[in-house]
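A short worksheet on the structure shown next.
The figures that follow rest on heavy atoms only: side chains count, while hydrogens, waters and symmetry mates do not. All chains are named by letter (A, B, ...) in the order of the sequence lines, taking the proteins before the strands, and each is independently numbered beginning at 1.
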Number of protein chains: 2
Amino acid sequence: MASTMKDIARLTGLGLATISKYMNGGTVRPKNKKLIEDAVKELRFIPNEFARSLKTSLSRTVGVVIPELGNQFITSIIITMEDMLRKHDYAVIVCDCRTDSKRESEAVSFLVHKRVDGLINMPTDQSGEHLKPALEAGIPIVLVDRMLKPMNGLVSAVVVDNVDAAEKATHYLMEAGHEDIGLILGNESIFTSQKRCEGYLNAYTEFNIPPRDELIRFSDYTMEGGYAAMKRLLALPKRPTAVFVTNFEMTLGAMIALNEAQLKVPDDISFIGFDKLDLFGAIFPNLTLVKQPQYAIGECVATQLLRLLADPHAERQHQIITLATQLHVGGSTRGIRKPS
Amino acid sequence: MASTMKDIARLTGLGLATISKYMNGGTVRPKNKKLIEDAVKELRFIPNEFARSLKTSLSRTVGVVIPELGNQFITSIIITMEDMLRKHDYAVIVCDCRTDSKRESEAVSFLVHKRVDGLINMPTDQSGEHLKPALEAGIPIVLVDRMLKPMNGLVSAVVVDNVDAAEKATHYLMEAGHEDIGLILGNESIFTSQKRCEGYLNAYTEFNIPPRDELIRFSDYTMEGGYAAMKRLLALPKRPTAVFVTNFEMTLGAMIALNEAQLKVPDDISFIGFDKLDLFGAIFPNLTLVKQPQYAIGECVATQLLRLLADPHAERQHQIITLATQLHVGGSTRGIRKPS
DNA sequence: GTTGAAAAGCGAAACGTTACGTTTTAGGAG
DNA sequence: CTCCTAAAACGTAACGTTTCGCTTTTCAAC
């Protein structure tokens, strides 16, 4: 049934090496080119990637290990990444490790066994231990959104300036007179939560105001989590006058909690959300939010990996790329009288 | 650097065939087993999947072609599918075709070239034309959530009883006295939209009430879409007394529109949503909704494909599996006085 | 016509497995 | 100690490409 290059060679009367050359974009005499193309059509020839991979030791496949496929931020990155990589003829194998470091290790070693050419990882585990098998196998790695503790020049990474993002947002609220700013973060052990918390505290330091611990709520980057965290902030004896929520799902949940509590934004409480300007645009017009360049992140990750993949195993130059976020000023915050 | 079975053979003094046998789970004399295991560790041997694939013509990889990765329903299915398939040592290549039939065709042919062992598809194009290359290559196919017009016994499919789901929900509202029921659907050309519309109309026929065209709104299965559609329903001169929204994102958008319009559910309007019981559970307690068995769908798809994959190319028995939905009765609807 | 360099074509040897058919080994029965 | 049988080990030929080092062809310039 399935035909091979040998069949093409026989049918055209050409040598096997010539067919191979043609298949790889080499130049062939025009009449032979036509000959080959006709034969390919007639025999419905599809090159055997297995044999090709065996010879070249290249799978033209990259692995992606993420903590959670059901998260908008992650999927939006994957969407653009996958698009770009496939345009360059790379297949993308996605492994969801459910924010579990054991599963994460398994996923990496699974992909190493599958001999992926490159690896993209949004790490759950900060130690980076799980990447060892890939490193040993010489597979180039690009980290997304989250950094690892020790990796010195062994991996590339594309992250966002989280400290700056949080600082800017907090600063903005403080300039408007807010001193009690609720902060809703993801899990405490996660890189981005830590950095965003750092930025928030920086602003407090800058304004020389002592932060209130109970206003900082570590949650879990889910809609329910954001909803619950907001509820608890609202239940505080001394309720915050403004809230900053640090991802898309939690922003949604928090907004719903506010709606439910009949609190008007910004009259009753000031609000800064996160991500997905376009989406909120239709629904909560004028929401002030920190916008991460999701499209650019995905694009940047793909570009980085393609660059590493192109370097023929020579000294690969690893880079840490930090992208800026943008504070999109809407109308969901307002100034308040500073306490005298 | 990389070691091969030949190296293991040399180091252990055993024959190549014996190593291969061991690697595939064959029995080996205990002392040889130890010998091999030690050698594997020492040489950090990783079997070369390329060579294996070349010999067996199996990639242990399946392709998934979907219209949109940024959709909760789709990702939740993928999550369980990927989990199950990977447990069986299959890698999953995901291709997002962005609801574009040209891209969909490209994705299928890309995957055929990658020689995936099986294909999972949530079709954008109802003609099924895009699956031809896979069919020709003898790759087993499982359709998810959406059926195709002509495919007779050539593919398997896992769908939900959409007609019944919509009929049940509409029926439930009508029994409570509602006659003007807003319906928010996905794109008109999509299988599930058509079926759900059919179910809705069935209920009207059953109750012998003429449906009002302007209450049926085809949208696009996004949050913004749901929001906009709900707004338009509310702007109608004769506003519906109840609304039925037919996917998760649109339910979210519609709820936000209601909140914004200061309409209380169920006092001002009755509401039936879709999907994600657990999630809404925390946020809109007691929402009445149609629950699709998302976990079961993913599981079922994976099981079907594994079954087809296990059948050694013999006459593969294709099946159409229809799963039932469940009407989860909460408190978001109420009875109204029937007009006299 | 020759000549010669550049372009195109060629044959054969890998790449690292699996699987077929055969030979060797182990160890209990006689 | 021999014989027998089942179990284990073995050698080797594929699988379908790419690539190396040559040989042949082409065609422009003399």
Side-chain angles (χ1 to χ4, degrees), chain A residues 1-40 43-61 89 112-117 137-138 312-313, chain B residues 1-40 43-61 89 112-117 137-138 312-313:
Chain A
M1 181 75 222
S3 58
T4 77
M5 292 197 341
K6 220 179 274 177
D7 299 324
I8 307 278
R10 200 175 306 131
L11 195 61
T12 58
L14 294 168
L16 193 52
T18 308
I19 314 297
S20 171
K21 194 185 189 190
Y22 166 82
M23 289 296 161
N24 293 307
T27 48
V28 172
R29 255 187 276 282
K31 62 171 176 186
N32 289 338
K33 181 173 164 181
K34 178 152 179 17
L35 229 45
I36 295 177
E37 280 165 357
D38 289 350
V40 164
L43 299 177
R44 294 156 178 273
F45 171 71
I46 294 179
N48 187 316
E49 289 297 328
F50 302 153
R52 196 197 284 257
S53 287
L54 176 58
K55 264 319 262 191
T56 61
S57 296
L58 259 27
S59 61
R60 290 227 140 237
T61 296
D89 210 36
V112 169
H113 277 78
K114 282 282 173 203
R115 308 225 163 202
V116 293
D117 294 339
H313 212 71
Chain B
M1 181 72 222
S3 57
T4 76
M5 292 196 343
K6 220 180 272 178
D7 299 323
I8 307 278
R10 200 175 308 130
L11 194 62
T12 57
L14 293 166
L16 193 52
T18 309
I19 315 296
S20 170
K21 194 188 190 188
Y22 166 82
M23 290 295 161
N24 293 308
T27 48
V28 171
R29 256 188 274 281
K31 62 171 176 184
N32 288 340
K33 181 173 165 180
K34 177 150 181 17
L35 228 46
I36 296 177
E37 279 165 358
D38 289 351
V40 165
L43 298 177
R44 295 157 177 273
F45 170 72
I46 294 179
N48 187 317
E49 290 296 329
F50 302 153
R52 197 197 285 258
S53 286
L54 177 57
K55 262 320 260 193
T56 61
S57 295
L58 259 26
S59 60
R60 290 228 140 237
T61 296
D89 210 36
V112 169
H113 277 79
K114 283 283 172 201
R115 307 220 164 206
V116 294
D117 294 339
H313 212 72

Going 5' to 3' along DNA chain C, which are the first and last nucleotides with any atom under 4.0 Å from a heavy atom of chain B? C:dG16 to C:dA26
What contact category does B:Phe45 fall into here, base, sugar-phosphate, or nothing, at under 4.0 angstrom with non-hydrogen atoms? sugar-phosphate
Taken to the nearest whole Å, CG/A:Leu58 to P/D:dT19 is 10 Å
Return the CD1 to NZ distance between B:Ile19 and B:Lys6, rounded to the nearest 0.5 Å. 13.0 Å
Taking only residues two or more places apart in sequence, or in another chain, which ones meet A:Lys34 in a side chain to side chain donor-acceptor pair (under 3.5 Å)? A:Asp38
Please report the end-to-end axis angle for the helix from C:dG1-D:dC30 to C:dG30-D:dC1, five pairs per end, rounded to 10 degrees. 40°
Cut-off 3.5 Å, no hydrogens considered: what does the side-chain donor-acceptor table look like for residues 49-57 of chain A, sequence neighbours left out?
| from | atom 1 | to | atom 2 | distance (Å) |
| --- | --- | --- | --- | --- |
| A:Arg52 | NH1 | A:Asn24 | OD1 | 3.0 |
| A:Ser53 | OG | A:Glu49 | O | 3.0 |
| A:Ser53 | OG | A:Leu58 | O | 2.8 |
| A:Thr56 | OG1 | A:Arg52 | O | 2.8 |
| A:Thr56 | OG1 | A:Leu58 | N | 3.3 |

Please tell me if the side chains of B:Ser59 and B:Lys114 come closer than 4.5 Å, counting only heavy atoms from C-beta onward. no
CD1 (B:Ile36) and CE (B:Met5) are apart, to the nearest 0.5 Å, by 9.5 Å
Can you tell if the side chain of B:His113 reaches within under 4.5 Å of the side chain of A:Asp89, non-hydrogen atoms only? no
Compare all side-chain heavy atoms of B:Asn32 with those of B:Thr18 and state whether any distance is below 4.5 angstrom. no
What's the separation between atom CZ in B:Arg115 and atom CG in A:Asn48, rounded to the nearest 0.5 Å? 4.5 Å
What string of B, S and - do you get for nucleotides 6-15 of chain D, 5' to 3', when a contact is any protein heavy atom under 4.0 Å? --SSBB--BB
First encountered from the 5' end of DNA chain D, between A:Ser20 and A:Lys31: A:Ser20
Grab the CZ-C1' distance between B:Phe50 and D:dT17 for me, whole Å please. 13 Å
Please say which of A:Leu11, A:Ile8, A:Thr12 ends up in a side chain to side chain contact (heavy atoms under 4.5 Å, CB included) with A:Leu35. A:Thr12
Checking B:Arg29 now: which residues fulfil salt bridge (Lys or Arg N to Asp or Glu O under 4.0 Å) with it, not counting sequence neighbours? none
